[in-house]
Amino acid sequence: MTELFLKIVNMSISASWLVLAVLVLRLFLKKAPKWSIVTLWGIVAVRLMFPFSIESALSLIPSAETVAPEIMTDTAPTIQSGIPVINNTVNPIISQTFTPATENSVNPLEVLIPSLAVAWVLGAILIFVYTTISAITLRVKIGSAVRLSGNVYQSEYVKSPFVMGIFMPKIYVPFNMDSDAAELIIAHEQSHLRRKDHWWKPLGFLLLTVHWFNPLMWIAYAALCKDIELACDERVIKSFDNEKRADYSRTLLEYSVNRGAVTACPLAFGEVGVKARIKSVLNYKKPAFWLVIASLAVCVAMGVCFLTNPISEQIPAPVDTPEQPVVNDIPKRPAPNDIPETPAADQTPSLPPLEEVVEGYEWFQSKEDGSTVRLYDDLQTPGDETDKAWINFVNASYSGDPAFVRIRIDAVDYIDEPGYDKDAYWIKDLSFDGKKYTLQYYEKDKLITEEYKYLVRFGSVKSDNNSYDNYLLTDTPADKLSQVDLASGNYKGNLIYSVQVPRGYVQNTCFGSVYLNYNGINYEEKISLGTDPSISTPNFTLFFFPDYHPYELGYQNIFEADYDSVCFVWSEDGELMVQTVKNGDEPEIHTYEIVPIYGDKVGLMENGKALKSLNVF
């Protein structure tokens with residue numbers, strides 16, 4: 001039920017933008033045919049009824065999913081309205097109010113949202129029951145009505161004429177009506193039936209019952225009822241002369257009634273907006289042909305712009321290969337003396353030969369050897385040492401330097417087959433000689449050797465607690481790999497998972513990581529560039545994780561970005577910087593200095609000018 005509730009909430013929010021647009025258009029379309037306004041409300045109904053929509057570049061809906069289902073489990077819950085001003089105003093409040101305390105195991109929203117879902121269901125039931133009882137009570141009262149002619153009935157309990165019924169509608173009028181007034185009233189009610197208003201009004205009320213929690217839907221329903229009556233009046237009087245319009249107005253005034261509670265029925269003759277209707281009748285002029293065409297065009301445009309969803313932001317293909325363009329004026333980082341370099345492939349590795357480690361190779365040995373361990377959901381196992389070995393290998397090979405790394409992949413906790421040794425593991429040697437990647441491993445007693453041209457990084461895999469970078473050894477160039485194929489597993493190559501970080505902090509560490517003693521203190525920090533796919537605005541993330549606690553977030557920020565690539569580079573002084581590149585005939589290149597700004601935030605500066613931050617924290 002919670003998922004359904006959030007779906008309804010998102011549908012209601014999306015439709016709210018359309019409701020606001022229609023309310024504004026009503027102010028400018030006073031001379032347009034009244035049926036065109038009712039048509040616009042029909043577009044609102046379509047938006048509210050269908051849980052799906054196609055995507056379009058012309059969509060004016062800021063966000064198709066303002067409240068993601070993941071908000072209940074996010075460590076820093078936010079909404080994505082599609083409007084930065086709203087996000088920047090609301091998200092800090094949401095995060096501050098609903099971020100779970102470390103001592104609590106339950107996110108406050110995991111309690112609040114299900115409670116709201118229950119309240120939503122109860123509210124809808126109450127409205128439906130009240131309306132049903134009201135309709136039954138009215139039917140009982142008019143049960144003694146006598147037939148006047150056709151589908152017209154007279155009743156002593158009727159004060160103002162109305163239509164009631166969906167499949168077999170009837171017109172009810174008071175006794176002893178003036179014949180001229182009766183003619184006008186019956187013409188009005190028959191017009192309702194021809195326009196199928198006895199269907200549309202109950203449909204509108206049914207949608208209101210579902211979306212009762214949204215104040216804009218109550219406003220929209222009230223406006224719909226008024227516009228239905230105006231459209232019906234217009235249809236009846238379009239052939240009347242001035243004298244007959246005056247008679248029609250007097251009849252409206254005579255049979256007007258005080259409007260009670262908002263209901264789905266009946267379609268009462270003098271119930272809604274009598275003053276505005278009389279004014280509209282007396283001032284009626286046949287719309288010019290161009291105004292009719294313009295009204296049709298507005299309806300079509302509103303349908304295209306508000307019945308479609310905005311195009312989903314495609315996460316930039318986070319791929320890196322040895323052929324990635326290198327900006328020549330940015331030198332490589334000088335090798336610090338206190339950080340051991342990854343052994344080159346053309347040197348004798350410090351690790352024992354693969355043949356010697358297949359049997360009896362223990363965890364502590366693999367850690368001392370600098371192996372990269374395939375981590376899953378074990379938050380108790382520090383990942384910094386093994387991460388560091390892998391990141392050094394990746395960064396060295398991407399720079400074209402020979403590199404070597406050993407990968408130990410444990411079977412513990414994720415292979416559950418009868419008779420399978422829970423302490424089993426695989427060992428893989430991966431080397432890069434400057435031109436190709438060579439992977440060696442044992443399959444039973446047979447040594448397998450595979451060679452690949454590229455090591456492609458393509459985003460991350462998410463588990464319940466963590467996020468893992470994906471790396472693919474392949475012979476297919478990065479620009480030929482479809483992101484859809486990569487995500488679905490439709491590719492040729494050898495997949496490697498690495499780099500464990502808490503899922504709540506880094507959604508996608510797709511642009512790379514480095515280890516660096518950034519603050520000059522006696523520990524290093526893991527620094528990751530990535531992107532947050534939950535934010536509709538193009539962005540990249542910059543996160544710092546302390547070496548002594550790899551699951552604790554240090555500096556952080558999310559930056560607005562409309563670039564083709566983002567990467568780490570080194571200044572001439574050996575300082576880590578962030579570079580963005582926008583492709584074109586003359587590529588637009590920006591190189592930013594990383595600067596702590598306040599609290600736990602970090603900024604990017606270029607020539608004294610800061611890169612815009614989305615400030616979602």
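Computed from a predicted structure; not experimentally measured.
The backbone N or O of I37 lies less than 3.5 Å from no partner atom in the side chain of R26, so there is not a single donor-acceptor pair. Remark: the backbone N or O of V67 is paired with a side-chain donor or acceptor of N10 at under 3.5 angstrom. In this structure a side-chain-to-backbone donor-acceptor pair under 3.5 Å is present from T541 to G530. Panel note: side chain W218, backbone L208; no donor-acceptor pair is recorded below 3.5 Å. Within the 3.5 Å criterion, the main-chain N or O of V602 finds a donor-acceptor partner in the side chain of N557. In this structure, R47 contributes its side chain and F50 its backbone to no donor-acceptor pair below 3.5 Å. At distances below 3.5 Å, at least one donor-acceptor pair connects side-chain atoms of T308 with backbone N or O atoms of V304. Side chain of K7 to backbone of P51: a donor-acceptor contact under 3.5 angstrom is found. Side-chain atoms of S191 never come within 3.5 Å of backbone atoms of A187 as a donor-acceptor pair (strictly under, hydrogens ignored).
P62 has its side chain out of reach of S81: every pair of non-hydrogen atoms, C-beta onward, lies at least 4.5 Å apart. In this structure the side chain of I127 reaches within 4.5 angstrom of the side chain of F205, judged on heavy atoms. Contact of the Y130 side chain with the T209 side chain is not registered, since no non-hydrogen atoms from C-beta on lie closer than 4.5 Å. Contact of the V581 side chain with the Y563 side chain is not registered, since no non-hydrogen atoms from C-beta on lie closer than 4.5 Å. Residues S16 and M217 have side chains in contact (heavy-atom distance under 4.5 Å, counting atoms from C-beta outward). Between F175 and V158 the shortest side-chain heavy-atom distance does not fall below 4.5 Å. Side chains of L611 and H590 form no contact here, defined as non-hydrogen atoms less than 4.5 Å apart. Contact of the F28 side chain with the V298 side chain is not registered, since no non-hydrogen atoms from C-beta on lie closer than 4.5 Å.
Residue E183 holds its CD atom at 11.0 Å from CD1 of I185, rounded to the nearest 0.5 Å. Distance check: I94 CD1 to I79 CD1 gives 4.5 Å after rounding to the nearest 0.5 Å. Annotation: the span from E588 atom CD to N583 atom CG amounts to 10.5 Å, rounded to 0.5 Å. For the atom pair CG (L216) and CG (L20), the distance works out to 5.0 Å, reported to the nearest 0.5 Å. Summarising the geometry, atom CD1 belonging to I8 is positioned 11.5 Å from atom CG belonging to N214; distances are rounded to the nearest 0.5 Å. Once rounded to the nearest 0.5 Å, the distance linking CH2 of W212 with CD1 of I125 reads 11.5 Å.
F306 and W17 get closest at one heavy-atom pair: CE2-O, 3.9 Å. Residues L48 and S12 approach most closely at CD2-CA, 4.4 Å, considering heavy atoms. Across V38 and A231, no two heavy atoms sit closer than the pair CG2-CB, 3.9 Å. Of all heavy-atom pairs spanning P169 and N151, the tightest one is O-ND2, 3.9 Å. Residue I43 comes nearest to L307 through the heavy atom pair O-CD2, 3.5 Å, listed as atom of the first residue, atom of the second, then distance. Contact between A182 and M177 at its shortest, heavy atoms only, is CA-CE, 3.7 Å.
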Can E243 and R245 be said to form a side chain to side chain contact (heavy atoms under 4.5 Å, CB included), step by step?
CA-CA 5 Å; E243 183 179 352; R245 288 176 196 164; over 6 Å; no
Take L230 and D227, measure what side chain to side chain contact (heavy atoms under 4.5 Å, CB included) needs, and give me the verdict at the end.
CA-CA 5 Å; L230 288 171; D227 292 335; 3.9 Å; yes
Does M302 form a side chain to side chain contact (heavy atoms under 4.5 Å, CB included) with L25? I'd like the steps, not just the answer.
CA-CA 10 Å; M302 290 289 284; L25 279 175; 3.5 Å; yes
Yes or no on side chain to side chain contact (heavy atoms under 4.5 Å, CB included) for I219 and V19, after CA distance, side-chain angles and deciding distance?
CA-CA 9 Å; I219 296 173; V19 169; 5.9 Å; no
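Here the options are L23, L40, L60, V44, the test is side-chain contact (heavy atoms from CB on, under 4.5 Å), and the partner is L18; only V44 passes. For the salt bridge (Lys or Arg N to Asp or Glu O under 4.0 Å) criterion with D197, the lone passing option out of R194, K201, R195 is R195. Partner N309 forms a side-chain contact (heavy atoms from CB on, under 4.5 Å) with one of S56, S53, S63 and no other, that one being S53.
No donor-acceptor contact under 3.5 angstrom links the side chains of Q154 and N176, judged on distance only. If you check the side chains of D233 and Y284, you find no donor sitting under 3.5 Å from an acceptor.
Taking the six-membered ring where the residue is Trp, Y248 and F240 present perpendicular rings, their angle passing 60° and hence far from 30°. The aromatic rings of H188 and H192 sit perpendicular, their planes meeting at an angle over 60°, well past the 30° parallel limit.
With a 6.0 Å radius and a threshold of 12 heavy atoms from other residues, nucleotides or ligands, K582 has its NZ atom above the threshold. Open room surrounds CZ on F128; 12 or fewer heavy atoms of other groups in view lie less than 6.0 Å from it. For Y157, the OH atom is loosely surrounded, since the number of other residues' heavy atoms within 6.0 Å does not exceed 12.
A salt bridge between E234 and K34 is absent, with no side-chain N of the basic residue lying under 4.0 Å from a carboxylate O of the acidic one.
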